[in-house]
Chemist: 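Quick one: the structure is below, questions incoming.
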Protein chains: 2
Amino acid sequence: MEMFLSIDQASRCTTCAIRHRSICDALSATEILSLNRIARSRVVPAGQMILGEGQARSVFANIVSGVVKLTKTLDDGRQHIIGLLFASDFLGRAYRAENPYFAEAATDVELCVFPTAGFERLLAEHPGLEHRLFQYTLTELDACQEWMLLLARKKAEERVASFLLMIAKRVPNMECSRVERRDEVHFVLPLSRAEISDCLGLTIETVSRQITRLKTRGVIELVNYREILIPDLARLQEAAYDAPAKVPSPKARRSVPAED
Amino acid sequence: MEMFLSIDQASRCTTCAIRHRSICDALSATEILSLNRIARSRVVPAGQMILGEGQARSVFANIVSGVVKLTKTLDDGRQHIIGLLFASDFLGRAYRAENPYFAEAATDVELCVFPTAGFERLLAEHPGLEHRLFQYTLTELDACQEWMLLLARKKAEERVASFLLMIAKRVPNMECSRVERRDEVHFVLPLSRAEISDCLGLTIETVSRQITRLKTRGVIELVNYREILIPDLARLQEAAYDAPAKVPSPKARRSVPAED
DNA sequence: CGAATTGTTGAATATTCTCAACAGAGGTGG
DNA sequence: CCACCTCTGTTGAGAATATTCAACAATTCG
């Protein structure tokens with residue numbers, strides 16, 4: 001029995017679906033082995049809490065499949081989803097006693113969980129692991145800053161289009177969706193309208209209206225409430241105002257390149 | 001001459017005002033020395049660009065004094081200030097060819113600049129430096145997520161109050177302001193109304209009206225347009241709805257702590 | 001099949017934005 | 001030192017956008 005468990009553990013990483021996209025990628029054989037030794041699989045059904053806001057000590061985990069939402073709440077009930085985690089993403093805030101957000105399974109989720117103490121010890125022992133997590137965190141920060149621009153400056157329709165675009169980019173790698181033809185994408189929304197509105201800083205009704213509007217304009221098609229078909233990704237991108245970064249600013253206040 | 005420069009370099013870190021608050025804190029003597037060897041002081045006048053958006057290669061620097069604003073721009077001119085850097089903060093995105101934002105001096109700024117290649121080499125050689133920068137990045141991410149909640153869910157008045165509170169917390173450590181009595185704070189705004197509106201996802205006019213409103217209600221006093229006096233920090237905090245994080249959510253969708 | 005949940009739609013309302021005018025502050029040159 | 005100009009900030013009125021409240025439709029679950 002002990003023997004079987006060992007074999008199972010040893011093979012876990014080699015057969016792991018997210019092995020080469022998660023923070024485990026680019027780790028040395030030793031590091032993978034150390035991580036594997038403390039890892040534990042866990043399945044969390046949709047809607048179940050994974051991590052409480054302000055909860056003492058974080059939890060660390062790779063998302064193997066499914067979608068996890070991270071929410072922050074104002075104490076009059078207003079809330080916002082500050083992030084969505086998909087397969088291969090990493091959950092957990094290192095070096096902090098209190099977890100700053102609330103993590104919940106948006107769909108059924110498979111996790112590869114690492115105990116807090118053990119993980120932080122490995123982080124200290126293996127600079128390679130910390131380096132990888134640092135890079136992941138930088139990417140997360142980039143995404144967060146990009147999302148701030150959406151919340152601060154985009155109109156409701158652009159926000160909804162941006163959201164669908166983001167989902168279209170991340171979900172198709174998963175079992176529940178598929179790319180059919182070039183530029184045509186088909187997927188199942190992992191979130192309800194209420195959750196989408198919490199991502200976008202809008203109300204349920206506004207999200208619903210904008211989805212209807214995009215449908216009427218032919219930018220998207222609704223197979224059913226949760227299932228969406230995008231005939232032409234470029235048109236959605238246009239609606240999202242997902243334009244590449246450009247020169248500094250149109251009328252920057254005396255912005256001169258600073259040489260010295 | 002060479003001699004004088006050496007002495008100057010050697011003393012730079014020991015006399016540095018931000019030495020124990022910046023990423024240089026918690027570095028070993030060797031690490032500090034290595035950093036010092038490649039560092040260069042630079043003064044940037046208010047309004048001048050430090051780093052272009054999409055510019056090839058980043059620049060790395062500690063902010064010694066002054067305020068730097070980081071902006072992102074949509075190509076129709078809509079823009080947002082994704083972050084403000086104050087004394088002791090770190091500027092620069094490691095491990096990325098293109099800089100994701102545009103950095104500009106909001107006030108006159110003193111920087112301690114590290115050349116790109118040299119800094120990244122030190123990061124690779126000294127895990128202690130990378131560890132410190134990682135921690136700094138995590139704090140930045142926390143702040144970014146907190147700000148998203150503001151952009152997504154707070155009303156104009158709460159946003160303006162939150163902004164003033166943030167400034168009150170960070171600026172008083174600087175030369176241009178001072179704490180006078182318990183709970184009374186007095187400072188000079190480092191940003192114009194236009195810049196404040198770009199931080200908050202509002203228009204200039206809305207910011208102006210909300211400042212007037214806070215003044216009328218006695219929450220703040222305006223010495224002049226740029227100089228603000230906060231008689232009671234607690235009242236401002238109330239107006240900002242800056243409430244501590246609470247239990248998960250008021251009507252969470254079947255949120256049950258997941259034990260296994 | 002019926003109840004509960006989730007999503008849509010409409011009408012009225014609230015908030016913020018836009019456009020426009022004006023006021024105050026700061027700088028320049030006579 | 002003041003007149004003048006520019007830039008920044010304020011204020012008002014009307015318009016646009018998103019929210020709230022309410023009814024209803026579709027979907028899901030037991």
Side-chain angles (χ1 to χ4, degrees), chain A residues 45-47 74 76-80 106-108 150-164 188-216 220-228 241 251-255, chain B residues 45-47 74 76-80 106-107 150-161 163-164 188-216 220-228 241 251-255:
Chain A
L74 246 30
D76 63 351
R78 285 180 286 182
Q79 64 176 18
H80 179 61
T107 64
D108 290 348
L150 174 147
L151 294 172
R153 292 302 181 202
K154 287 191 182 177
K155 302 233 176 261
E157 187 179 324
E158 295 170 319
R159 293 191 202 189
V160 171
S162 298
F163 173 82
L164 294 175
V188 174
L189 281 175
L191 303 187
S192 69
R193 299 291 188 269
E195 291 168 321
I196 295 172
S197 69
D198 278 343
C199 277
L200 299 174
L202 299 170
T203 58
I204 298 173
E205 295 92 329
T206 301
V207 170
S208 180
R209 277 185 251 271
Q210 297 305 335
I211 287 181
T212 304
R213 199 139 170 276
L214 287 170
K215 188 178 67 179
T216 309
I220 63 173
E221 286 166 42
L222 266 73
V223 181
N224 62 48
Y225 291 154
R226 285 279 187 134
E227 218 176 323
I228 289 186
Y241 211 95
K251 44 170 262 173
R253 298 165 262 286
R254 87 203 127 108
S255 270
Chain B
L74 246 30
D76 63 351
R78 285 180 286 181
Q79 65 176 16
H80 179 59
T107 64
L150 173 147
L151 294 172
R153 294 300 182 202
K154 286 191 182 178
K155 301 237 176 256
E157 187 179 323
E158 294 169 320
R159 293 191 201 188
V160 171
F163 174 82
L164 294 174
V188 174
L189 281 175
L191 303 187
S192 67
R193 299 291 188 269
E195 292 168 322
I196 296 173
S197 68
D198 278 343
C199 277
L200 299 174
L202 299 169
T203 57
I204 299 173
E205 295 93 329
T206 301
V207 169
S208 180
R209 277 185 251 270
Q210 296 307 332
I211 288 181
T212 304
R213 199 140 172 275
L214 287 170
K215 188 179 66 179
T216 310
I220 63 172
E221 286 167 42
L222 265 74
V223 181
N224 61 47
Y225 291 155
R226 284 279 187 135
E227 221 177 319
I228 290 187
Y241 210 96
K251 46 170 262 176
R253 297 166 261 288
R254 83 205 129 107
S255 272

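Within every chain, numbering begins at 1; the chains are lettered A, B, ... in the order of the sequence lines, protein sequences first and strands thereafter. Quick note: numbers below take in every heavy atom, side chains included, and nothing from hydrogens, waters or symmetry partners.
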Chemist: Report yes or no: does B/E195 contribute a side-chain atom to a donor-acceptor pair with the main-chain N or O of B/S192 at less than 3.5 Å?
Modeler: yes
Chemist: Can you list everything that forms a side chain to side chain contact (heavy atoms under 4.5 Å, CB included) with A/I204? Sequence neighbours excluded, please.
Modeler: A/R193, A/A194, A/S197
Chemist: I want to confirm an ordering. Mapping A/E205 and B/Q210 to their closest nucleotides on DNA chain C, which one lands closer to the 5' end?
Modeler: A/E205
Chemist: Could you tell me if B/R159 sits above the aromatic ring of B/Y241, with its cationic atom closer than 6.0 Å to the ring centre and no more than 45 degrees from the axis?
Modeler: no
Chemist: At their closest point, which heavy atom of A/D198 faces which heavy atom of B/R153, and how far apart are they?
Modeler: OD1-NH2, 2.9 Å
Chemist: Would you mind reading off the bend of the helix from C/dC1-D/dG30 to C/dG30-D/dC1 from its two end axes, five pairs each, to 10 degrees?
Modeler: 40°
Chemist: Roughly how many Å is it from CZ in B/R193 to P in C/dA25, rounded to a whole number?
Modeler: 12 Å
Chemist: Given atom CD1 of B/I204 and atom P of C/dT16, what is their separation to the nearest angstrom?
Modeler: 17 Å
Chemist: How many whole angstroms separate atom OH of A/Y225 from atom C1' of C/dT8?
Modeler: 6 Å
Chemist: Take the protein atom CG of A/L214 and the nucleotide atom P of C/dT8, then report the distance between them rounded to whole Å.
Modeler: 12 Å
Chemist: Closer to the 5' end of DNA chain D via nearest nucleotide, is it B/K155 or B/L191?
Modeler: B/L191
Chemist: Is a side-chain N or O of A/E158 found less than 3.5 angstrom from the main chain of A/K155, in a donor-acceptor match?
Modeler: yes
Chemist: Side chain of A/A156, heavy atoms from C-beta onward: which of D/dT11, C/dT16, D/dA18 has the nearest atom to it?
Modeler: D/dA18
Chemist: Roughly, in whole Å, what's the span from CG in A/N224 to P in C/dT5?
Modeler: 20 Å
Chemist: Rounded to the nearest Å, what distance is computed from the CZ atom of residue A/R226 to the P atom of nucleotide D/dT28?
Modeler: 9 Å
Chemist: Do you know which of B/E221, B/R226, B/E227 makes side chain to side chain contact (heavy atoms under 4.5 Å, CB included) with B/V223?
Modeler: B/E227
Chemist: With a 4.5 Å limit on heavy-atom distance, are the side chains of A/L191 and A/F163 in contact?
Modeler: yes
Chemist: Let me know the distance between CD of A/E195 and P of C/dT6, rounded to the nearest Å.
Modeler: 9 Å
Chemist: For B/R153 and for B/S208, locate the closest nucleotide of DNA chain D by heavy-atom distance; then report the residue assigned to the nucleotide nearer the 5' terminus.
Modeler: B/S208
Chemist: Can you check the A/K154 NZ to D/dA18 C1' distance for me, whole Å?
Modeler: 18 Å
Chemist: Counting distance alone, no hydrogens or angles: does the base of C/dT18 have a donor or acceptor under 3.5 Å from a partner atom on the side chain of B/R209?
Modeler: yes
Chemist: Please check the phosphate of D/dT8 (OP1 and OP2 only) for any side-chain N or O of B/S192 closer than 4.0 Å.
Modeler: no
Chemist: At under 4.0 Å between heavy atoms, what does B/R159 touch on the DNA or RNA strands: base, sugar-phosphate, or nothing?
Modeler: nothing
Chemist: Could you say whether A/K215 or B/L202 is positioned toward the 5' end of DNA chain C, judged by the nucleotide with the nearest heavy atom to each?
Modeler: A/K215
Chemist: Does C/dT18 have its OP1 or OP2 closer than 4.0 Å to a side-chain nitrogen or oxygen of B/T203?
Modeler: no
